[in-house]
Every structure is written in C-alpha cells, then in structure tokens.
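Before any comments, here is the structure.
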Amino acid sequence: GYFPGKRIGFAGSEARGVLFDWTATIRSGCYHITGLSRNGRTAEAEASMAALNSRALVLRMQHDGWVSQRAIDELLNKLPQCPVEQHTIGPDQSGRRANHFSWMRAPQACASRIAEWIRHGPG
C-alpha cells in the first residue's frame with residue numbers, strides 16, 4: 001500500500017493515498033484531500049481557501065525542479081484575500097544549491113526569513 005519512490009527515483013516511499021491526492025490535484029487543479037473529497041467537501045476546501053484572509057509567506061527555492069513558480073501562482077490564486085510576501089532562497093542565502101530538499105540540511109536561511117516575517121507582523 002505505498003509508492004516505492006526511492007526505488008524509481010521520484011519522491012520517497014509515499015503512502016498510496018498521498019499519490020492519489022497528488023494525482024487528483026494535478027489533473028483537476030483542485031485540492032483533493034483524502035477524507036475531505038467525499039460529498040462535495042473538496043468544494044468546501046476550495047471555498048475555505050478563497051475565504052481565508054491571513055498573511056501568507058512563500059519561500060521558493062531557486063533551483064527547485066519540483067515546484068515551479070507557476071505552481072506557486074496557481075496556489076496563490078486560490079487565496080485571493082491573503083496578502084502574500086514571496087522570497088526566493090538561493091545559494092547566496094543558503095550557502096548551497098537551494099532546491100526542494102537541500103534546505104532541510106541547511107535550514108538557517110529559511111528559518112531566518114520566517115523569523116523576520118513573523119517579527120515584521122501585519123502591515
């Protein structure tokens with residue numbers, strides 16, 4: 001009941017449900033969350049995202065081959081009332097090639113940016 005991603009070179013050993021969720025989201029453009037996708041609840045999730053009015057911070061890794069700026073923009077389109085601050089983390093901030101996974105080995109640049117965003121507060 002899992003996806004052997006390490007064996008084929010994509011993702012890790014992900015639960016089958018995670019892959020079903022990813023696939024449904026990619027095909028439809030709507031977030032399908034296992035357990036929330038029945039009886040119209042996906043629409044509720046999308047409506048909740050559209051109604052959210054909270055600050056949002058996006059940190060994109062400069063060399064992330066898994067999450068494109070277009071994917072980020074599509075997500076942010078679902079949050080029309082959220083004031084968004086976006087930053088790209090590159091090797092000059094992280095000290096290494098900034099990709100989808102490397103930030104976890106050197107999280108200081110991300111942690112610093114998040115702390116600064118929290119300190120700045122709304123406004």
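We're numbering straight along the sequence, starting at 1.
- For the 3.5 Å distance criterion, the side chains of H63 and N99 fail to qualify, holding no donor opposite an acceptor.
- Residues satisfying the side-chain contact (heavy atoms from CB on, under 4.5 Å) criterion with S112, sequence neighbours excluded, are absent altogether.
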Between C110 and M61, is the side-chain contact (heavy atoms from CB on, under 4.5 Å) condition met? List the steps. CA-CA 9 Å; C110 291; M61 302 303 117; 3.6 Å; yes
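- Residues passing the salt bridge (charged side-chain N to carboxylate O under 4.0 Å, His left out) test with E116 are R113, sequence neighbours excluded.
- In terms of the side-chain contact (heavy atoms from CB on, under 4.5 Å) criterion, A111 has no residue partners (sequence neighbours excluded).
- By the side chain to side chain donor-acceptor pair (under 3.5 Å) test, S28 is found to be paired with H32, residues two or more places apart in sequence or in another chain being considered.
- When every heavy atom of Q62 is checked against every heavy atom of P91, the shortest pair comes out as OE1-CD, 3.1 Å.
- Evaluation of the side-chain contact (heavy atoms from CB on, under 4.5 Å) rule for I114 yields L57, L59, I118 as partners, not counting sequence neighbours.
- Residues V67 and H100 come closest through the heavy atom pair CG2-CE1, 3.5 Å.
- Checked against side chain to side chain donor-acceptor pair (under 3.5 Å), D73 has the following partners two or more places apart in sequence or in another chain: Q69.
- Residue A109 comes nearest to I89 through the heavy atom pair CB-CG2, 4.1 Å, listed as atom of the first residue, atom of the second, then distance.
- Put simply, the residue from I72, L75, V58, L79 that forms a side chain to side chain contact (heavy atoms under 4.5 Å, CB included) with V84 is V58.
- The shortest non-hydrogen separation linking P83 to N53 is CD-OD1, 4.2 Å.
- Applying the salt bridge (charged side-chain N to carboxylate O under 4.0 Å, His left out) test to pairs two or more places apart or on separate chains, those with a residue in residues 74-87 are E46-K78.
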